[in-house]
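Heads up, the thing below is written out as structure tokens.
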Amino acid sequence: MPQGRYAAPFAIRSPLRGKGLRSAHTAIPAIQPTTMKKSLIFIATLALATFFGCQEVLEREPKVDFTLENFFKTEEHAILATNAVYSQLRNWEVHVFSYIGMTDIISDDSDKGSFPADAFFLQELDEFTFTPSNIAPLSVWNGYYTGIFRANLAIANIPDIEMDEALRNRLVGENRFLRAYFYFNLVRWFGDVPLITEPFPEEFIIPRSPTSEVYAQIIADLEAAAAVLPKRSAYGAADVGRATSGAALGMLAKVYLTLGDFENAADYAEEVILSQEYDLYPSYAELFSRAGENSRESVFEIQATDFAEGGGGTQYNEVQGVRGTPNLGWGFNRPSDDLVGAYEPGDPRREATILYVGEVLPDGSAIVEDNPAVIGERYNQKAWVPEPLGGNGNGPGNIRVLRFADILLIAAEALNETDQTGQALVYLNRVRARARGNSTTLLPNVTTTDPALLRERIWRERRVELAMEQHRWFDLVRQGRAASVMQALGKNFVVNQHELFPIPQQEIDLSAGALSQNQGW
């Protein structure tokens, strides 16, 4: 894995020179409001305050005097604006605390972790006792709509910049991919949501759009992105991590699977598979180490690194790290007993996913020690990283959003649902073969051709292959199994209510009646 593009001096020296996404933290201009001119940061904050109730403005020392009048003029500005959208992916409100709570902790894959009184809003998610005032939905709502605003601003302005046409088209495609990703999570969490595709709509009070319209926009964005984005192999080392045509096609497969359109899901997944751009990483355990980042298995992952001066990392690793010696993490997102029992005997993926007390850390540096304050402690090993520069809050671990194993299992599920069980078995067993490694006895090939039985096997394979990677809750909901699975565990799941999260009460209160609440809330 090339290292030069990650060096901090390169990122500090000139944010305009570095297009690599690990240095994107330097590519967000610090902007000074000037008389009668709207700065980018000021406008972003004003728009979010008007649309979504963001009430706090952080004052920052200006470093560059950019305004809408003098920005979006050059190729470098287009790159900066696009990098600012990628940077939002590392934000606390997008892929950290509440995100983990609303994907893993709420599911049967994990429990809150830490100790009961710590971050009680996550305990409410775990127990299905949360209300519209719980801070988790509000947090992701604000974080994701900030990303959408940044993408909308770039999509609206980059086409007017006089610059290399191919690069201009690519950057717009990247922003459309990212906007689609933000909306895909929002629509799966909340159902109908405000659909905003321009940075400054004429109407500030925007009602919820039907789910069908949101999905139509997601699909349109991903199709447009797939048409202009390069293949993975066409990017140079400095641009590793940017959205690719394969990522857009893979996300389309996932969207169509969620919608139950199995023919399109199979077609798009197989287009990715047959592209020869991707493959399974040889070692499942090593895949989640720094060595496994941006491998052939990576379809899309969020870039992070621990620059000494900070700004390139995330707290995704910290909040899931060992609570106490030796890792000094927060100890949230504890793999559940139910997940432990879901693995077949001897499945190596269980040990690669769950980090136990008394176990040697993945890098061999120490042993996880017992923390008396935490009951039944164990940790998400996939999120573990060695202590980063500047402390755990500067976590350097990439966040895997979409990997090739997921694409294979999407194809397997979709093909099984369209009476193509033979090819479904090929893709399913390809995933199992990598997991068992050189063993001749573990994880034998699945052979059943009964569609109902094979469906169950594919769903189980998705769970153990993708465990603790923030897919499980979305899978349970789209499969129509959230109620039965969670109620069997004694959770307070209410049918026709908990399939969706409530619209944040603060947003409803500030919407002047434009936003309605989800059923049951």
Side-chain angles (χ1 to χ4, degrees), residues 44-45 47-58 88-107 110-149 182-183 185-194 208 314-321 323 329-334 380 383 392-393 395 399 470 473-474 477 486 491-494 497-511 514-521:
T45 307
L48 289 169
T50 305
F51 297 160
F52 317 114
C54 178
Q55 296 177 319
E56 295 184 10
V57 180
L58 298 180
Q88 183 67 9
L89 296 173
R90 296 195 296 268
N91 185 275
W92 171 268
E93 295 183 314
V94 175
H95 282 116
V96 188
F97 219 24
S98 296
Y99 169 75
I100 291 168
M102 293 171 63
T103 52
D104 280 346
I105 293 172
I106 197 171
S107 79
S110 80
D111 306 317
K112 178 178 75 72
S114 184
F115 52 89
D118 193 13
F120 191 71
F121 77 98
L122 292 178
Q123 191 71 34
E124 292 178 332
L125 296 181
D126 197 1
E127 297 174 351
F128 288 88
T129 57
F130 56 95
T131 70
S133 296
N134 186 284
I135 65 173
L138 177 63
S139 177
V140 298
W141 184 281
N142 286 335
Y144 278 69
Y145 273 111
T146 299
I148 289 166
F149 172 81
F182 289 129
Y183 270 122
N185 279 353
L186 285 172
V187 76
R188 288 187 291 174
W189 276 323
F190 298 106
D192 299 350
V193 294
R208 301 167 69 186
T314 76
Q315 289 184 265
Y316 175 85
N317 310 113
E318 179 182 28
V319 300
Q320 301 178 78
R323 191 176 185 95
W330 294 8
F332 291 97
N333 208 20
R334 171 189 181 272
N380 179 8
N392 283 357
I399 303 171
Q470 295 81 58
W473 177 251
F474 293 137
V477 173
M486 303 315 296
K491 304 290 185 178
N492 298 308
F493 188 101
V494 178
Q497 177 183 356
H498 285 122
E499 292 86 356
L500 295 175
F501 284 91
I503 303 299
Q505 189 61 48
Q506 177 176 306
E507 305 306 317
I508 292 177
D509 294 344
L510 293 169
S511 73
L515 294 182
S516 59
Q517 187 53 274
N518 278 326
Q519 180 178 349
W521 295 103

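Only heavy atoms go into these numbers, but all of them, side chains included; no hydrogens, no water, no symmetry mates. Everything numeric in this text was worked out from a predicted model, so none of it was measured.
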Rounded to the nearest 0.5 Å, what separation is found between the NZ atom of Lys491 and the CG atom of Leu125? 10.5 Å
Side chain to side chain contact (heavy atoms under 4.5 Å, CB included) evaluation trace for Ile105 with Asp111: CA-CA 5 Å; Ile105 293 172; Asp111 306 317; over 6 Å; no
Tell me every residue that passes side chain to side chain contact (heavy atoms under 4.5 Å, CB included) with Val96, counting only those two or more places apart in sequence or in another chain. Trp92, Gln315, Val319
List in chain and number order the residues that pass ring-ring contact (aromatic ring centres under 6.0 Å, His included) with Tyr99, two or more places apart in sequence or in another chain; answer none if no residue qualifies. His95
Sorted by chain and residue number, the ring-ring contact (aromatic ring centres under 6.0 Å, His included) partners of Phe493 (sequence neighbours excluded) come out as Phe128, His498
At their closest point, which heavy atom of Leu186 faces which heavy atom of Val193, and how far apart are they? O-CG1, 4.0 Å
Looking at every non-hydrogen atom in both residues, tell me the closest pair between Ile503 and Pro132 and how far apart they are. O-CB, 4.0 Å
Can you name the nearest heavy-atom pair linking Gly329 to Asn392, along with the distance? N-ND2, 3.7 Å
Worked check of side chain to side chain contact (heavy atoms under 4.5 Å, CB included) between Ser110 and Arg334: CA-CA 5 Å; Ser110 80; Arg334 171 189 181 272; 5.6 Å; no
Under the salt bridge (Lys or Arg N to Asp or Glu O under 4.0 Å) test, residues paired with Asp192 that sit two or more places apart: none
Hey, does the side chain of Ser139 reach the backbone of Ala136 with a donor-acceptor pair shorter than 3.5 angstrom? no
Kindly say whether Trp330 contributes a backbone atom to a donor-acceptor pair with the side chain of Arg323 at under 3.5 angstrom? yes
Would you please indicate if the ring centroids of Tyr145 and Phe182 are separated by under 6.0 Å? no
Any ion pair linking Asp126 and Lys112 (charged N to carboxylate O, less than 4.0 Å)? no
Within the distance-only criterion (no hydrogens, no angle test), does the side chain of Ser114 pair as donor or acceptor with the backbone N or O of Phe332 below 3.5 angstrom? no
Okay, side chain of Gln320, backbone of Gly331: is any donor-acceptor separation there less than 3.5 Å? no
Backbone of Leu500 reached by a side-chain donor or acceptor of Asn518 within 3.5 Å: no
Quick check against the 3.5 Å criterion: does Asn134 have a side-chain atom that pairs as donor or acceptor with the backbone of Glu124? no
List for me each residue that meets side chain to side chain contact (heavy atoms under 4.5 Å, CB included) alongside Ser516, sequence neighbours excluded, and say none if there are none. Arg208
Quick check: closest heavy atoms across Glu318 and Gly393, and the distance to 0.1 Å? OE1-CA, 3.2 Å
When rounded to the nearest 0.5 angstrom, what distance separates CG in Asn380 from CD1 in Ile100? 8.0 Å
For Tyr144, run the ring-ring contact (aromatic ring centres under 6.0 Å, His included) check against Phe149, Phe190, Trp189 and tell me which one passes. Trp189
Please evaluate residues Phe501 and Val140 with respect to the criterion side chain to side chain contact (heavy atoms under 4.5 Å, CB included), reporting the C-alpha separation (whole Å), side-chain torsions for both, the decisive distance (0.1 Å), and the verdict. CA-CA 11 Å; Phe501 284 91; Val140 298; over 6 Å; no
Can you sort out the partners of Asp509 under salt bridge (Lys or Arg N to Asp or Glu O under 4.0 Å), two or more places apart, ordered by chain and number? none
Hits for side chain to side chain donor-acceptor pair (under 3.5 Å) against Arg188, two or more places apart or cross-chain, chain-then-number order -> Asn185
Can you list everything that forms a side chain to side chain contact (heavy atoms under 4.5 Å, CB included) with Asn91? Sequence neighbours excluded, please. Gln88, Glu93, Val94
Contacts of type side chain to side chain contact (heavy atoms under 4.5 Å, CB included), residue Gln497, not counting sequence neighbours: Val494, Trp521
Applying side chain to side chain donor-acceptor pair (under 3.5 Å) to Gln123 and not counting sequence neighbours gives Glu127
Would Ser98 and Phe121 count as a side chain to side chain contact (heavy atoms under 4.5 Å, CB included) if you check the C-alpha gap in whole Å, the side-chain angles of each, and the deciding distance to 0.1 Å? CA-CA 9 Å; Ser98 296; Phe121 77 98; 3.9 Å; yes
With heavy-atom distances below 4.5 Å as the criterion, would you say the side chains of Gln519 and Glu499 are in contact? no
So which heavy atom on Pro502 is nearest to which on Pro137, and how close? O-CB, 3.9 Å
Separation between CG of Leu515 and CD1 of Ile508, rounded to the nearest 0.5 Å: 6.5 Å
List the residues meeting side chain to side chain donor-acceptor pair (under 3.5 Å) with Tyr316, not counting sequence neighbours, and say none if there are none. Gln470
The side chain to side chain donor-acceptor pair (under 3.5 Å) partners of Trp473 (sequence neighbours excluded) come to none
